[in-house]
Amino acid sequence: VQLQASGGGLVQAGGSLRLSCAASGRTVSGYRMGWFRQAPGKEREFLAIINWTGVSTYYADSVKGRFTISRDSAKNTVYLQMNSLKPEDTAVYYCSMGPPTVWGTGWSGTYWGQGTQVTISS
């Protein structure tokens, strides 16, 4: 499975971005998809996950109400709509895909994308 993330860029605080992550290769039924980020000098941070059907989602408190995760199963693509962006959202954003293990911030995927840079200016 290969994951290709895109959509990062430079925006002003208060702005919006939409990240995409397309999965290709072997399709694994039942796998979740999620988003993480890592800022310079900080550990990787869980942001959100979505289940295989796209019905259930879970968010970290830091992004709840501002970020929305969704998926298009027909396109094997997961999205992260980010609104009301803040300078502290600046990081490299990663998508991930993996089995339905822990439901919450402890989840981590098996497959990872290459990351896309998001920079928020104040």
Side-chain angles (χ1 to χ4, degrees):
V1 176
Q2 293 80 43
L3 301 177
Q4 180 71 40
S6 61
L10 171 66
V11 297
Q12 290 186 330
S16 298
L17 278 175
R18 187 194 194 205
L19 306 183
S20 300
C21 176
S24 60
R26 186 170 68 99
T27 299
V28 185
S29 178
Y31 268 27
R32 295 174 185 164
M33 297 189 78
W35 287 96
F36 296 74
R37 68 186 179 190
Q38 188 165 20
K42 295 187 177 181
E43 293 186 352
R44 187 179 66 195
E45 177 187 10
F46 168 93
L47 298 178
I49 50 173
I50 188 165
N51 71 342
W52 172 253
T53 63
V55 171
S56 297
T57 58
Y58 186 92
Y59 296 92
D61 288 343
S62 59
V63 302
K64 194 178 299 181
R66 298 190 299 124
F67 291 9
T68 302
I69 188 171
S70 60
R71 71 188 295 173
D72 184 335
S73 296
K75 296 181 179 180
N76 289 325
T77 300
V78 65
Y79 304 97
L80 188 67
Q81 177 66 44
M82 306 186 295
N83 299 326
S84 303
L85 286 162
K86 307 173 183 179
E88 51 263 44
D89 293 318
T90 295
V92 177
Y93 283 66
Y94 298 91
C95 60
S96 184
M97 174 185 282
T101 54
V102 175
W103 182 251
T105 59
W107 182 82
S108 183
T110 303
Y111 305 99
W112 293 84
Q114 85 287 2
T116 184
Q117 176 70 45
V118 171
T119 304
I120 311 302
S121 63
S122 58

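In this text the structure is predicted, and so the values were computed from the model without any measurement.
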**Student:** Please name the pair of heavy atoms, one in Pro100 and one in Gly30, separated by the smallest distance, quoted to 0.1 Å.
**Tutor:** CD-O, 3.6 Å
**Student:** Linking Ile, Leu, Val, Met, Phe, Trp and Tyr by side-chain heavy atoms under 4.5 Å, what else ends up with Val102?
**Tutor:** none
**Student:** Is there a side-chain contact between Pro99 and Thr110 (heavy atoms, below 4.5 Å)?
**Tutor:** yes
**Student:** Which pair of non-hydrogen atoms, one from Leu17 and one from Val118, has the smallest distance, and what is that distance?
**Tutor:** CD1-CG1, 3.8 Å
**Student:** Measuring from atom CZ of Arg18 to atom CE of Met82, what distance do you get when rounded to the nearest 0.5 angstrom?
**Tutor:** 11.5 Å
**Student:** Students often mix this up, so state it plainly: with edges at 30° and 60°, are the rings of Tyr58 and Phe46 parallel, tilted or perpendicular?
**Tutor:** tilted
**Student:** Does the ring centre of Phe67 sit less than 6.0 Å away from the ring centre of Trp35?
**Tutor:** no
**Student:** How would you list all residue pairs meeting salt bridge (charged side-chain N to carboxylate O under 4.0 Å, His left out) that involve residues 66-80, not counting sequence neighbours?
**Tutor:** Arg66-Asp89
**Student:** Would Val1 and Met97 satisfy side chain to side chain contact (heavy atoms under 4.5 Å, CB included), going step by step from the backbone distance to the final call?
**Tutor:** CA-CA 9 Å; Val1 176; Met97 174 185 282; 4.0 Å; yes
**Student:** Decide yes or no on side chain to side chain contact (heavy atoms under 4.5 Å, CB included) for Gln12 and Ile120, but give the supporting numbers first.
**Tutor:** CA-CA 5 Å; Gln12 290 186 330; Ile120 311 302; over 6 Å; no
**Student:** Could you tell me which non-hydrogen atom of Ala48 sits nearest to which non-hydrogen atom of Tyr59, and how far apart they are?
**Tutor:** CB-CD2, 3.6 Å
**Student:** Does one hydrophobic cluster hold both Ile69 and Met33, with members joined at side-chain heavy-atom distances below 4.5 Å?
**Tutor:** yes
**Student:** Is there a donor-acceptor pair closer than 3.5 Å between any side-chain N or O of Thr119 and the backbone N or O of Leu10?
**Tutor:** no
**Student:** Taking the side chain as everything from C-beta on, heavy atoms only, tell me whether Glu45 gets closer than 4.5 Å to Ser62.
**Tutor:** yes
**Student:** Under 4.5 Å between side-chain heavy atoms, hopping through other hydrophobics if needed: is there a path connecting Leu47 to Leu85?
**Tutor:** yes
**Student:** Closer than 3.5 angstrom, by distance alone: can the side chain of Gln114 be matched with the main-chain N or O of Ala5 as a donor-acceptor pair?
**Tutor:** yes
**Student:** Going by the side-chain hydrogen bond (donor to acceptor under 3.5 Å, both in side chains) test, which pairs reach into residues 93-104, not counting sequence neighbours?
**Tutor:** Arg37-Tyr93
**Student:** Are Leu3 and Leu80 connected in a single hydrophobic cluster, I mean Ile/Leu/Val/Met/Phe/Trp/Tyr linked by side-chain heavy atoms less than 4.5 Å apart?
**Tutor:** yes
**Student:** Given side chain to side chain contact (heavy atoms under 4.5 Å, CB included), test Val92 with Thr116 step by step and report yes or no.
**Tutor:** CA-CA 5 Å; Val92 177; Thr116 184; over 6 Å; no
**Student:** Working to the nearest 0.5 angstrom, can you tell me the gap between Cys95 SG and Gln4 CD?
**Tutor:** 8.5 Å
**Student:** Hey, any chance Ile49 and Tyr31 share a hydrophobic cluster, counting ILVMFWY side chains that come within less than 4.5 Å of each other, even indirectly?
**Tutor:** no
**Student:** Check whether any side-chain N or O of Ser20 sits under 3.5 Å from a backbone N or O of Ser6 as a donor-acceptor pair, and report yes or no.
**Tutor:** no
**Student:** Please check if the side chain of Asn51 supplies one atom and the backbone of Ser56 the other of a donor-acceptor pair under 3.5 Å.
**Tutor:** yes
**Student:** Taking Ser73's backbone N and O only, do any of them form a donor-acceptor pair with Trp52's side chain (distance below 3.5 Å, no angle check)?
**Tutor:** no
**Student:** Quick check: closest heavy atoms across Ser16 and Ser84, and the distance to 0.1 Å?
**Tutor:** OG-N, 4.4 Å
**Student:** With distance as the sole criterion, is a donor-acceptor pair present between the side chains of Gln81 and Ser70 under 3.5 Å?
**Tutor:** no
**Student:** Cluster question for you: counting only ILVMFWY and a side-chain heavy-atom cut-off of under 4.5 Å, with indirect links fine, are Tyr111 and Tyr79 together?
**Tutor:** no
